[in-house]
Amino acid sequence: MKAHDFLTIRDITKEEMHETFAIARDMKADRSKYAEALKGKSLALIFEKPSLRTRTSFDIGIQQLGGFSLYLSPNEISLGKRESVYDVAKNLERMVQGVMIRTFAHQIVIDFAKHASIPVINGLTDYSHPCQAMADFLTILEKKKKLEGLKVAYVGDGNNVAHSLMFAGARLGVHVSVVCPPDFEPNAVAMQQAVEDAKATGAVIEIVHDPVAGVKNADVIYTDTWASMGQESEAEARKKIFHPYQVNAALMSHAKSDALFMHCLPAHRGDEVTDEVIDSKQSVVFDEAENRLHVQKAIMYQLMKNVK
Ligand code: CP
Ligand code: NVA
């Protein structure tokens, strides 16, 4: 990986994505092989939003590589409020060898990375969730034994997770249909970038408003919460708008018969997905969660191994 930081999927090439999947699979097969890979190195985990998977996977992941983590909660740092992003970066680079940040504005991770000499990993912003997309495509690769030419139908809000899936699909040659209500499309610039990137691989990255048409021929149906962290006040209003986009058995029946069901979690059962789907044999949601651990270990290893 040539990149110094991992802020978006667009920071890495298709080849680097595949290399990361290969390292992750190697780590998954034998944890003991990498037990000293980041011996004595420390990773700060800055969380300005809640988390189960991201916190657990980074915390356990760095320990499995021989390093340490430091959890900094939403009440502690208040990036840009209690102290400037610049000052936090300049302090932490003196003490730790890497930083993972989960925050609101994507600009915060860009600014942090600009000022810090140590690698910065995006653990979710309002704009993107690249570690999630890496775990998701690793999961698809494991289950389908290939990526190129597959179709992922992302059904729901054109949010951070949708953006990262679009960027990853574009790089890897996987078609991504974002199936969403009007006015909840992905960010226009993100869409433009994904379509541009997809020219190199032939992936079709598109927006579809009709749920049944959007999932046709899909190898994967993916959904996420209708109201992301920070949008809690819109949750009730969004329930009505998004109801036709619920992933239930009827919608699944319009995809390929062996389609996978995916969700980054946390899921709101009965809203964006029904129990019958998330608990079905087609569901791989816990494989995705587990792969967060393996793929992020591969990312930390590549970014932090040469940091003194
Ligand atoms: N998928 C995901 O990022 O989960 P958490 O919000 O629990 O970290
Ligand atoms: N779109 C969701 C993803 C949670 C992992 C959010 O930002 O809350």
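Every number for a ligand or one of its atoms is a count from 1 in the order of the listing. Note that the structure is predicted; figures quoted are calculated from it, not measured.
Between K14 and E148 there is a salt bridge, with a side-chain nitrogen of the basic residue lying less than 4.0 Å from a carboxylate oxygen of the acidic one. Salt bridge status for R269 with D275: present, with a side-chain N to carboxylate O gap under 4.0 Å. Salt-bridge annotation for E142 and K28: present, with a side-chain N of the basic residue lying under 4.0 Å from a carboxylate O of the acidic one. Note on K49 versus D126: salt bridge recorded, some NZ/NE/NH1/NH2 to OD/OE distance being below 4.0 Å.
Scanning S228, S51, G230 for the heavy atom closest to atom 6 (C) of ligand 2 points to S228. Between atom 4 (O) of ligand 1 and the options R102, H129, K49, R53, the minimum heavy-atom separation is to R53.
Nearest non-hydrogen protein atom to atom 2 (C) of ligand 1 is R292 NH1, 3.3 Å. With hydrogens left out, the protein atom closest to atom 8 (O) of ligand 2 is M229 N, 2.8 Å, a heavy atom. Nearest non-hydrogen protein atom to atom 7 (O) of ligand 1 is L52 N, 2.6 Å.
Contacts with ligand 2 closer than 4.0 Å are made by side-chain heavy atoms of L124 only, the backbone lying farther away.
Between the side chains of S57 and Q296, at least one donor N or O lies within less than 3.5 Å of an accepting N or O.
Residue L265 places a heavy atom under 4.0 Å from ligand 1. In this structure, D126 does not count as a contact residue of ligand 2, since none of its heavy atoms falls inside 4.0 Å of the ligand.
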Show your reasoning for whether side-chain hydrogen bond (donor to acceptor under 3.5 Å, both in side chains) applies to N159 and Y154. CA-CA 10 Å; N159 61 15; Y154 170 92; 3.1 Å; yes

Show the numbers, then the answer: is there a side-chain contact (heavy atoms from CB on, under 4.5 Å) between V277 and T274? CA-CA 6 Å; V277 170; T274 55; 3.6 Å; yes

Could you go through K39 and L65, starting from their C-alpha distance and side-chain angles, then the distance that decides it, and tell me whether this counts as side-chain contact (heavy atoms from CB on, under 4.5 Å)? CA-CA 7 Å; K39 196 176 172 192; L65 296 171; over 6 Å; no

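Taking every heavy atom of L265 and a limit of under 4.0 angstrom, the matching atoms of ligand 2 come to 5 (C). For ligand 2, the atoms closer than 4.0 angstrom to any heavy atom of D224 are 1 (N), 2 (C), 3 (C).
Any N or O atom pair closer than 3.5 Å counts here, and N160 shares at least one such pair with ligand 2. For the pair H129 and ligand 2, the shortest N or O to N or O distance does not fall below 3.5 Å. Considering backbone and side-chain atoms together, C264 places an N or O closer than 3.5 Å to an N or O of ligand 1.
Aromatic ring orientation, H18 versus F21: perpendicular (interplanar angle above 60°, classes split at 30° and 60°).
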